[in-house]
Amino acid sequence: MSSSRGAENTKCLDQLNKFEKLTGRPSLRASGHSAPPARSGHRCVANGSSLYVFGGYNPDYDESGGSENEDYPLFRELWRYHFATGTWQQMRTEGYMPRELASMSAVLHGNNLLVFGGTGIPFGESNGNEVHVCNVKYKRWSLLNCRGKKPNRIYGQHTNHGKFHLGPRTSLPGPNLCYVEVEFSLNGLLMEKSKD
C-alpha cells in the first residue's frame, strides 16, 4: 500500500461517526417525558420536523404496557418525535385506525400518513389490504375508498419511491412481488395492481 493511499484511508476513518455504547436506556421519565416502548414490525416515516412511529409488536408483557395495552402484544398507537425539542409525544387519534399493526407499509404525504396492509394476530392469518390515512395535523384516521382491484391480503409490505410493494421484503422483483401504485388526486386514491 502506498503512503498516500494509507493517509487517504486514515482520513476517511477520521470522518466516520464514533458511537459510544450506553450502559442503559436514558431515563426520559425522570425528565417528565416518555418514549415508545421497544417494538419490532413497526413503521417509521419522517418529514423535516418530526419522526412518526406507528404500530409494532413486543411479546414481553411488561415492556409492551401490561394490562394497560388492550391490544397486547401489538401496539395500536402513533408516536411523534419532534426533532427541534427532542421530545416524544404519543398522539391521541380518533377514527378508523387499522387493526393490522405489524409488517405494514407507510408513507407520509404532506400531513397524511398512509398505511397499507400488514398483519394482526394471529400473524399471517389476519392480514390487511386496505389503505388507512391519518391526518397527523388533525389526528384523525379514515379508511380510504380506493378504486381498482385490491391486492390479496398478505403482509410484509414496504415502500420504495412512493409505491407500496407487496410480498416478502427479501424478494427480488419477480413473479411473487406486486407493485401497488397509489395515485394522489383531489378525488382520493387510485390503487392499481401490476406484476413485474
Side-chain angles (χ1 to χ4, degrees), residues 24-29 33-47 50-82 87-109 111-146 150-160 163-171 176-178 180 182 189 191:
R25 214 175 214 190
S27 175
L28 293 172
R29 297 199 195 290
H33 293 82
S34 62
R39 62 191 67 206
S40 68
H42 58 289
R43 293 299 177 256
C44 299
V45 294
N47 59 21
S50 300
L51 169 76
Y52 296 91
V53 176
F54 175 69
Y57 163 81
N58 187 334
D60 184 291
Y61 185 74
D62 292 327
E63 273 191 5
S64 64
S67 62
E68 293 179 22
N69 182 359
E70 60 189 53
D71 293 293
Y72 168 81
L74 297 172
F75 293 100
R76 197 165 192 230
E77 58 190 27
L78 178 62
W79 286 81
R80 175 181 177 245
Y81 179 78
H82 190 257
T87 57
W88 284 101
Q89 170 196 15
Q90 185 175 359
M91 299 178 68
R92 305 289 179 207
T93 60
E94 298 177 349
Y96 195 80
M97 183 186 284
R99 299 212 57 87
E100 298 81 20
L101 301 168
S103 298
M104 76 298 281
S105 63
V107 173
L108 188 62
H109 181 72
N111 286 326
N112 294 307
L113 169 65
L114 290 101
V115 176
F116 175 73
T119 187
I121 300 289
F123 290 128
E125 294 178 26
S126 178
N127 302 326
N129 66 347
E130 303 282 352
V131 178
H132 296 80
V133 64
C134 180
N135 183 298
V136 295
K137 181 177 178 182
Y138 297 110
K139 302 176 185 173
R140 179 98 183 130
W141 286 94
S142 60
L143 179 64
L144 292 180
N145 185 9
C146 298
K150 288 183 184 178
N152 294 333
R153 292 176 177 270
I154 61 173
Y155 75 100
Q157 296 88 350
H158 63 286
T159 55
N160 188 19
K163 298 177 185 175
F164 294 120
H165 296 263
L166 306 177
R169 285 176 286 173
T170 56
S171 292
N176 295 325
L177 187 64
C178 298
V180 177
V182 177
L189 297 173
M191 186 181 273

Non-hydrogen atoms of P59 and P73 that approach each other most closely: CA-CB, 4.1 Å
Point-to-point distance, once rounded to the nearest 0.5 Å, from CD of E100 to OG1 of T119: 7.5 Å
Test item: S126 and I121 side chains (from C-beta on) under 4.5 Å apart, heavy atoms: no
Approximate separation, where rounding is to 0.5 Å, of N135 CG and K139 NZ: 11.0 Å
R76 atom CZ, neighbour heavy-atom count above 12 within 6.0 Å: yes
Ring geometry between F54 and W141 (parallel below 30°, tilted from 30 to 60°, perpendicular above 60°): tilted
Validation row: T93, R140 side chains within 4.5 angstrom (heavy atoms): no
Check: W88 and L51 side chains under 4.5 Å, non-hydrogen atoms: yes
Separation between CZ of R39 and CG of L101, rounded to the nearest 0.5 Å: 10.0 Å
Nearest-0.5 Å distance that lies between atom CZ in R153 and atom CG in N127: 8.0 Å
L113 side chain near V115 side chain, heavy-atom distance below 4.5 Å: yes
Whether N69 side chain and L74 backbone form a donor-acceptor pair below 3.5 Å: yes
Heavy-atom check, side chain of Y96 versus side chain of S142, under 4.5 Å: no
Contact check, side chains of Y81 and T87, non-hydrogen atoms, under 4.5 Å: no
Side-chain donor-acceptor pair present, W79, E77, cut-off under 3.5 Å: yes
Y72 atom OH: more than 12 heavy-atom contacts under 6.0 Å: yes
S64 side chain vs D60 backbone, donor-acceptor pair below 3.5 Å: yes
For N112 against V133, the heavy-atom pair lying closest together: CB-CG2, 3.6 Å
Q89 CD to L78 CG distance, which is reported to the nearest 0.5 Å: 9.0 Å
CZ (F123) with more than 12 external heavy atoms under 6.0 Å: yes
Backbone N/O of R43 and side chain of Y52: donor-acceptor pair under 3.5 Å: no
Gap between atom SG of C134 and atom CD of E94 - 0.5 Å precision: 10.5 Å
Side chains of L114 and L144 in contact at under 4.5 Å (non-hydrogen atoms): yes
